Amino acid sequence: MTSGCCKPPTYCGFTFVNATFWEVPKSGPAAQDSDCTTWSNNQDMLCYNCKSCKGGVLASLKRDWKHLTIFNISMLLFLIIVYTIAGCAFRDTRNDKRRRGYP
């Protein structure tokens, strides 16, 4: 089970109640980590200052930028091919006009 903004890290030992509500054990968190003590069941706050949340956001951004980079490279290659074909076609029509005696 991975951690993120909407759930505490698994090593904290919290008990799952529903998607955004976790019960803290009576003895306290299993690990004395800042993410375990920062966690809150408050629906407006949850745990947006946690290290695991920041790591999840960075991983998401990295994945999204990787997809965007692949898309941009694909579009660049497509445009290079289209402009190359268009340039060849333009050159051929210009050469045809010269051979036929047009000014």
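Remember, it's a predicted structure, so these values are computed and weren't measured experimentally. These values consider heavy atoms only, across backbone and side chains, with no hydrogens, waters or symmetry-generated copies.
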Between [atom1] of [X] and [atom2] of [Y], what distance do you get to the nearest 0.5 Å?
X   : Y   : atom1 : atom2 : result
F78 : Y83 : CZ    : OH    : 10.5 Å
T10 : F16 : OG1   : CZ    : 14.0 Å
D64 : T69 : CG    : OG1   : 10.5 Å
N18 : E23 : CG    : CD    : 10.0 Å

Heavy-atom closest pair (G13 atom, P25 atom, distance to 0.1 Å) is O-CG, 3.2 Å

Tell me which one of L77, L76, I70 satisfies side chain to side chain contact (heavy atoms under 4.5 Å, CB included) with I73.
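One option only clears the test, and that one is L77.
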
